[in-house]
Amino acid sequence: MRTRRSGYALLAAAAVFVVSACTAAHAAAPLLYVTNQSAGSVIVIDTATDSQLATLSVGPGPAMIAASPGGRHLYVTHPEKGRITVIDGGALGRPRNLDVPGTPFGLASAGDGRLFVSDWNRDLLTVVDSETGAMLSEIKVGRAPAQVVLAPQSRRAFVANREGDSISVVDMDRLVVIATVGVGKAPFALAVSPAGDRVYVANVQSSDVSVLDARSLENYGTVRVGAMPYGVAVAPDGTRLFVVNQQSGTVNVLDAASLVATRRTSVGKYPESIAVLPDGSKAYVINWMSGDLSVLDGETGRELKRLQIGEGARGLVVAPSG
Amino acid sequence: MNLLRTFAFHAALLLVAVPAQAHGPTPQKVEESITIAAAPETVWAAVKDFDRLVAWNPLVESSVGTGGNEAGGERVVVLKSGGQFTDSLDEYNDKDMFYSYRLATPDIDAFPVSFYSSTLAVKPGAGGGSEVTWDARLYRADTGNFPSETQNDQAAIDAVTAFFQAGLKELKIKAEGE
């Protein structure tokens, strides 16, 4: 009975996927992938209609998610299992598991077969083969590393050391730490400008954002935001910055040139991660406690609607469909 | 001998200094609320001073504050059952009657939570009464991948739930008695 039921579920999922693939062929709208850490799943949303296309079972505790540069593959960390799930954007029904040592958390795909992954318990930035899961390198960084971003223009990886109050800057080719830059208190989330010239660092405990020059590593400035900023994203044209404040339940929109806040939007309870569509038209915010997504106008930051997503949603990423 | 003892003491300190700011484990949720037959202003007056937790939570032996009701203000909460932890205010809104705070210094042996962020809010309820909500996003005491039963997710949820429920129950009794 159990087998038959799951067989039907699989068929249903496949049917959903075929439908979505057809729609995508016409619309080619980007897909939004959201991890649900409590449910052990990844939810796939069509950003043209903001409707759910599929729910993929990926095993316990999926936390952060990243897309390969073209969006073909999605990578999901399971810090409590020592695992990375690989989702093929063209074959959503068949996630693959890579078992890795330690406690993988934040990650970024270099697009050359390598993943840069923080290991938050072992204070490492690890470099993992995205096909086989083989450990290519383990680089010592600061304490409790969280998110990882890449600036391919300068061949640099940036890691937020949450308990080190610093950013480790790693050479993507030589795989060594080039610099450790002090920022605010408890840096967690990172974003790189599309031109690769700036790195934005959200400091959870000092409630501010540090703006670093990606090459000189000088601090452009520090901007005060709301309480406990847990998410940061840049608009695709680089002109606007979105900061999600978990304790305040708000999103700040900042002008990237002046670093002045242009808007503060109230969202759901305990918001955390945020992602912006490639055309800049919409931004999506996970409201962790209220179990929904706030959809914001990507230009103004105004809230357009909320989508039910379920309790435990944690990480999200936007990727081109297929 | 003395040197050895000093060394052992410091080694023990190092072992105790586990990372407080977890992010790998799955965060857990506690949401408690209570309906009180008293005006929101009355209820808010009872809870508004961050360091007066002792006045309305029977599990608390003392709550001594520094910095008042401003962001950055702290309270040291000593439990009747032993142990103490420190909370730090992030956001305080007298007009809308809520405050948000976080666990700044845990005491995982006395209260098995390594970190939480929490909000207490008083809202108008039906018939001139109040609705008080107290919620938290929290991480278990042992943030490693093999926690014991006393330091796992459930232990953390149970501890915070009991703490919130005891406080809200006492608050209701006090506010309705006035």
Side-chain angles (χ1 to χ4, degrees), chain A residues 35-40 60-64 77-82 102-106 118-123 143-147 160-165 185-189 204-207 226-228 230 245-250 269-272 288-291 311-314, chain B residues 14 17-33 70-74 86-93 96 98-106 114-121 123 133-140 142-147 151-154 157 160:
Chain A
T35 62
N36 187 317
Q37 201 171 11
S38 310
M64 297 290 117
T77 55
H78 301 253
E80 292 166 285
K81 291 286 162 200
T103 51
F105 186 74
S118 68
D119 182 334
W120 81 274
N121 244 342
R122 297 194 301 158
D123 303 337
R143 287 183 63 203
Q147 289 194 1
N161 303 312
R162 179 162 173 158
E163 283 190 62
D165 299 336
K185 231 175 146 231
F188 179 86
V204 172
Q205 289 191 15
S206 46
S207 296
M228 296 186 76
Y230 253 99
N245 308 300
Q246 186 164 88
Q247 277 285 48
S248 308
T250 58
K269 289 172 86 174
Y270 294 67
E272 43 184 276
W288 180 83
M289 187 165 280
S290 34
E311 291 198 4
R314 189 81 193 277
Chain B
L14 278 175
V18 293
Q21 312 300 334
H23 49 247
T26 307
Q28 304 296 318
K29 179 197 288 191
V30 170
E31 278 185 296
E32 291 295 327
S33 66
E70 301 281 332
E74 292 196 336
T86 304
D87 290 327
S88 171
L89 263 180
D90 284 307
E91 193 124 310
Y92 190 91
N93 192 321
D96 294 333
F98 74 86
Y99 50 81
S100 298
Y101 62 97
R102 76 182 84 151
L103 182 58
T105 311
S114 63
F115 182 73
Y116 54 66
S117 45
S118 176
T119 297
L120 179 88
K123 291 164 194 159
T133 60
W134 201 359
D135 55 38
R137 178 185 185 276
L138 58 99
Y139 288 99
R140 63 180 176 249
D142 180 348
T143 57
N145 285 349
F146 307 99
Q151 299 199 332
N152 63 12
D153 289 336
Q154 195 56 51
I157 292 168
V160 173

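In what follows, chains carry the letters A, B, and so on, assigned in the order in which the sequence lines appear, proteins first and then strands, with residues in each chain numbered from 1.
Residues A/Gln37 and B/Pro27 form a side-chain contact, since some pair of their non-hydrogen atoms from C-beta on lies under 4.5 Å apart.
With a threshold of 4.5 angstrom between heavy atoms, B/Tyr101 approaches chain A through N, CA, C or O but not through any side-chain atom. Neither the backbone nor the side chain of A/Met64 comes within contact range of chain B; no heavy atoms are under 4.5 Å apart. Proximity to chain A is absent for every atom of B/Asn93, based on heavy atoms less than 4.5 angstrom apart.
Minimum heavy-atom separation, B/Gly24 to A/Pro79: O-CG, 3.1 Å. Closest non-hydrogen pair, B/Pro25 versus A/Arg314, comes out as O-NH1, 3.8 Å. Shown here for A/Ser38 and B/Thr26, the closest heavy-atom pair between the two residues is OG-CG2, 4.1 Å. Counting all heavy atoms, side chain and backbone alike, A/Gln246 lies closest to B/Ser117 at OE1-OG, 4.0 Å. The two residues B/Thr119 and A/Tyr270 make their nearest non-hydrogen contact at N-OH, 3.3 Å. In terms of heavy-atom proximity, A/Asn121 sits nearest to B/Gly144 at ND2-CA, 4.1 Å.
Once rounded to the nearest 0.5 Å, the distance linking CD of A/Gln247 with OG of B/Ser118 reads 7.5 Å. In this structure, CD on B/Glu31 lies 5.0 Å from CE on A/Met289, to the nearest 0.5 angstrom. For the atom pair B/Asp153 CG and A/Glu80 CD, the distance stands at 6.5 Å (nearest 0.5 Å). B/Arg102 contributes atom CZ, which lies 4.5 Å from atom CD of A/Gln205 (distance to the nearest 0.5 angstrom). A/Trp288 CH2 to B/Lys29 NZ: the interatomic distance, rounded to the nearest 0.5 Å, is 6.0 Å.
Salt bridge absent: B/Arg137 and A/Glu311 never bring a charged side-chain N and a carboxylate O closer than 4.0 Å.
Among the candidates A/His78, A/Lys81, A/Glu272, the residue making the largest number of heavy-atom pairs closer than 4.5 Å to chain B is A/Glu272.
Side-chain atoms of B/Asp90 never come within 3.5 Å of backbone atoms of A/Ser207 as a donor-acceptor pair (strictly under, hydrogens ignored). Side-chain atoms of B/His23 come within 3.5 Å of backbone atoms of A/Pro145 as a donor-acceptor pair (strictly under, hydrogens ignored).
Defined by atom type and a distance below 3.5 Å, a donor-acceptor pair is present between the side-chain atoms of B/Glu91 and A/Ser248.
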